[in-house]
Trainee: 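Provided herewith is a single structure, encoded as structure tokens, for subsequent inquiry.
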Amino acid sequence: MLDLQFVRANLELVEAKLRARGADPATLLGDFRALDLQRRQAITQAEQSKARRNELSQQIGALKKAGPDGAEAAAALMEETRVLKEQLDNLDRAAAALDEELRQSLARIPNLTRDEVPVGASEADNLTVKTWGEKRTFDFTPKSHWDLGESLGILDLERAAKLSGARFAVYFGAGARLERALISFMLDTHARQHGYTEVLPPFMVNSKSLYGTGNLPKFAEDLFRCSDADADAAGRGEYKDSDHWLIPTAEVPVTNLYRDEILDEARLPISFTAYTPCFRAEAGAAGKDTRGIIRQHQFQKVELVKFTRPEDSEPQHERLTRDAEEILEALNLPYRRVLLCTGDTGFSSAKTYDLEVWLPGQNLYREISSCSNFDAFQARRANIRYRPAPRAKPEFVHTLNGSGLAVGRTWLAIVENYQQADGAILIPEVLRPYMGGINTIQRES
RNA sequence: GGAGAGAUGGCCGAGCGGUUGAAGGCGCACGCUUGGAAAGCGUGUAUAGGGGAAACUCUAUCCAGGGUUCGAAUCCCUGUCUCUCCGCCA
């Protein structure tokens, strides 16, 4: 969420930033100025009536204490207050309605992208800022991970469909172990070498948490909700703390750890790494990436989350992105870093780097991590603050997160990049200790 | 699932219809004291919104949402969460 005072004072800038995203300022902002003015007038009116009521009530109290003479005078005042109260209820209702309208329109405005983000309409306008690693040359035609996985007996999509439907996977044997090895390797690397604290959060969250990270109210259709979760209520701006949704990413529970808290400045930056499964309805992705395990309803991910002082978020964003890149480098997987353009940057993000891994089986680069700086956008929604100095006013922190990495996509990147002519998969050096010392995955007899 | 107790500021903790935005303590800041520190003493220490150039002022907030009342942290209802005991369970 943007700051109301900021939007009020910088309406032209906000409009320009919305246009850069390809959004229509008129739709998102509506008659912002008029609504803002109406709201403030309504609040002033209602508060003046309240002030009068409070004043009368105090007089009544004083008079009643004074004795029987006072009590008579008090009765007259009580009558005046009773009349005042009816007007007040109406004024209060009007003010609350306008306030809610403004709040909701504010909550639907995406974050402002940073100035260095290239202006563009779609992923075609993203900017590749670096490319790492040598693409391996094969003396045979590299296969896709779904062919390799099936023939090795480590991946079973048909049985997964029987169990759960399309877009689910079952892993067997070394395939299951590879997934687990990747999780451990990533967590260990981030915790021991990159200074993150490991955290294991709940895999279900309430709607308030989803509001905090910006997933609600706009993106309810992307989420799996449990039967006690109410998407209609969320659409009306009612965020409950007694309902449950499956998390689409660990970003949601981990960022919300400090919702409604004031953090000690000395603790910043705070860095967490978390492994969780992620659940996505993939609404609107029908027909996209239907083969293999690129796009699943459930996938595993190791996430990186940081809380920083505003002035530190830019360098911390670079570090976090490097932390994710180092996993790819340790696994010797070729990748490139892409700075997303304004039109491709997510709703809550001010600046996003995507890391794209090379997939020889499909002859293309594919997103494997997305590292974003949210500035104060999420912190404002989730009310996460810190105190810059001992007696100073609390300020909103900046939040950041990135995949470090998407485990399922790392799994398939290894399978495709490390495939051998006979269909076996070589295990990257760093993973061997996590794989019980085996060097290759071969067809089990 | 059953029974009971509770939820107050950065933290602990009083208050249980009317100068209570909230005693007291801790923490923190500033000052005094000191060779320097500690201790001690003094002063100050919530958030959001409205009005105002500012000084300042008003409104709301004692888990959340309703209600009673001229007036609610205080009384009533509903919900959520926490703790204790019992049951069940990985």
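Hydrogens, waters and symmetry mates are skipped; everything else that's a heavy atom, side chains included, is used. Chain naming here is simple, since letters A, B, ... match the order of the sequence lines and numbering starts at 1 in each.
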Trainee: Need the pair for B/rA60. Rule: Watson-Crick or G-U wobble, both distances under 3.5 Å, any strand; none if unpaired.
Mentor: B/rU47
Trainee: Please state how far atom CG in A/Asn383 lies from atom C1' in B/rA48, giving the value in whole angstrom units.
Mentor: 10 Å
Trainee: For nucleotides B/rC86 and B/rG18, find the distance between their C1' atoms and express it as a whole number of Å.
Mentor: 45 Å
Trainee: I'd like the C1' distance from B/rU82 over to B/rC76, given in whole Å.
Mentor: 23 Å
Trainee: Can you tell me, in whole Å, how much space there is between the P of B/rC75 and that of B/rA7?
Mentor: 11 Å
Trainee: Mind checking if A/Thr81 touches a base, just sugar-phosphate, or nothing, with heavy atoms under 4.0 Å?
Mentor: sugar-phosphate
Trainee: When the aromatic ring centroids of A/Phe377 and A/Phe347 are compared, is their separation below 6.0 Å?
Mentor: yes
Trainee: Applying a 3.5 Å limit to both distances, which nucleotide forms a Watson-Crick or G-U wobble pair with B/rA7?
Mentor: B/rU80
Trainee: Would A/Asp243 and A/Arg225 satisfy salt bridge (charged side-chain N to carboxylate O under 4.0 Å, His left out), going step by step from the backbone distance to the final call?
Mentor: CA-CA 9 Å; A/Asp243 56 358; A/Arg225 55 179 189 271; over 6 Å; no
Trainee: With a sphere of 6.0 Å drawn around CZ of A/Arg322, does it hold more than 12 non-hydrogen atoms of other residues, nucleotides or ligands?
Mentor: yes
Trainee: Return the 5'-most residue of the pair A/Gly61, A/Thr44 with respect to RNA chain B, ranking by each residue's nearest nucleotide.
Mentor: A/Gly61
Trainee: Could you let me know what B/rG87 is paired to, Watson-Crick or G-U wobble, both distances under 3.5 Å, or none if it's on its own?
Mentor: none
Trainee: Roughly how far apart, to the nearest Å, are B/rG31 and B/rA38 at atom P?
Mentor: 13 Å
Trainee: Tell me what A/Arg8 touches on the nucleic acid: a base, only sugar-phosphate, or nothing, going by heavy atoms under 4.0 Å.
Mentor: sugar-phosphate
Trainee: Whole Å only: how far is the CG atom of A/Leu77 from the P atom of B/rG18?
Mentor: 19 Å
Trainee: Please give the distance between the C1' atoms of B/rG9 and B/rA23 as a whole number of Å.
Mentor: 13 Å
Trainee: Give a yes/no answer on whether the side chain of A/Arg40 brings an N or O atom under 4.0 Å of OP1 or OP2 in B/rG49.
Mentor: no
Trainee: I'd like to know if A/Gln48 reaches the base of B/rG51 with its side chain such that a donor and an acceptor end up less than 3.5 angstrom apart.
Mentor: no
Trainee: Tell me which nucleotide among B/rU59, B/rG51, B/rU47 gets nearest to the side chain of A/Ala51.
Mentor: B/rU59
Trainee: Between A/Glu80 and A/Arg52, is there a salt bridge with N-O shorter than 4.0 Å?
Mentor: yes
Trainee: What is the nucleic acid contact for A/Asp99, judged by heavy atoms within less than 4.0 Å: base, sugar-phosphate only, or nothing?
Mentor: nothing
Trainee: Can you identify which nucleotide, out of B/rG71, B/rA60, B/rG10, has its nearest atom closest to the A/Lys85 side chain?
Mentor: B/rG71
Trainee: Without decimals, in angstroms, what is the distance between A/Asp260 CG and B/rC11 P?
Mentor: 12 Å
Trainee: Which part of the nucleic acid, if any, lies within contact of A/Gln5, taking any heavy atom under 4.0 Å across all strands shown: a base, the sugar-phosphate backbone alone, or nothing?
Mentor: sugar-phosphate
Trainee: Are there over 12 heavy-atom neighbours, none belonging to A/Arg103, within less than 6.0 Å of that residue's CZ?
Mentor: no
Trainee: If we take the C1' atom in both B/rA54 and B/rU61, what is their distance in whole Å?
Mentor: 27 Å
Trainee: So, OP1 or OP2 of B/rU59: does either fall under 4.0 Å of a side-chain N or O from A/Asn54?
Mentor: yes
Trainee: Paired with B/rG36 by Watson-Crick or G-U wobble geometry, both distances under 3.5 Å: which nucleotide is it?
Mentor: none
Trainee: More 5' along RNA chain B: A/Ile262 or A/Leu4, using each one's nearest nucleotide?
Mentor: A/Ile262
Trainee: Strictly by Watson-Crick or wobble contacts shorter than 3.5 Å, is anything paired with B/rU74, and which nucleotide is it?
Mentor: none
Trainee: Using whole Å, report how far CD1 of A/Ile43 lies from P of B/rA48.
Mentor: 15 Å
Trainee: Under the criterion salt bridge (charged side-chain N to carboxylate O under 4.0 Å, His left out), which of A/Arg309, A/Lys351, A/Lys306 is the partner of A/Glu314?
Mentor: A/Lys351
Trainee: Pick the C1' atom in B/rC26 and in B/rG36, then give their distance to the nearest Å.
Mentor: 26 Å
Trainee: From NZ of A/Lys50 over to C1' of B/rC70, roughly how many Å is that when rounded to an integer?
Mentor: 16 Å
Trainee: Who is the Watson-Crick or G-U wobble partner of B/rG42, with both distances under 3.5 Å?
Mentor: B/rC30
Trainee: Cation-pi between A/Arg180 and A/Tyr434: NZ/CZ under 6.0 Å from ring centre and within 45° of the ring axis?
Mentor: no
Trainee: Tell me what A/Ile60 touches on the nucleic acid: a base, only sugar-phosphate, or nothing, going by heavy atoms under 4.0 Å.
Mentor: base
Trainee: Whether A/Arg39 contacts B/rG50 is assessed here as follows: a side-chain N or O lying under 4.0 Å from the phosphate OP1 or OP2. Is that the case?
Mentor: yes
Trainee: What is the nucleic acid contact for A/Arg385, judged by heavy atoms within less than 4.0 Å: base, sugar-phosphate only, or nothing?
Mentor: sugar-phosphate
Trainee: Out of B/rG49, B/rG51, B/rG18, which has the shortest distance to the side chain of A/Ser57?
Mentor: B/rG18
Trainee: Is it true that A/Lys17 and A/Asp115 have a side-chain N and a carboxylate O under 4.0 angstrom from each other?
Mentor: yes
Trainee: Could you check which nucleotide pairs with B/rU20 in any of the strands shown, counting Watson-Crick or G-U wobble with both distances under 3.5 Å?
Mentor: none
Trainee: Pick base, sugar-phosphate or nothing for A/Lys64, based on heavy-atom distances below 4.0 Å to the nucleic acid.
Mentor: base
Trainee: Looking at A/Lys208, I'd like to know whether one of its side-chain N or O atoms comes within less than 4.0 Å of OP1 or OP2 on B/rU80.
Mentor: no
Trainee: Could you check whether A/Arg103 gets within reach of a base, just the sugar-phosphate, or nothing at all, counting any heavy atom under 4.0 Å?
Mentor: nothing
Trainee: Taking the P atom in each of B/rC83 and B/rA90, what is the distance between them to the nearest angstrom?
Mentor: 22 Å
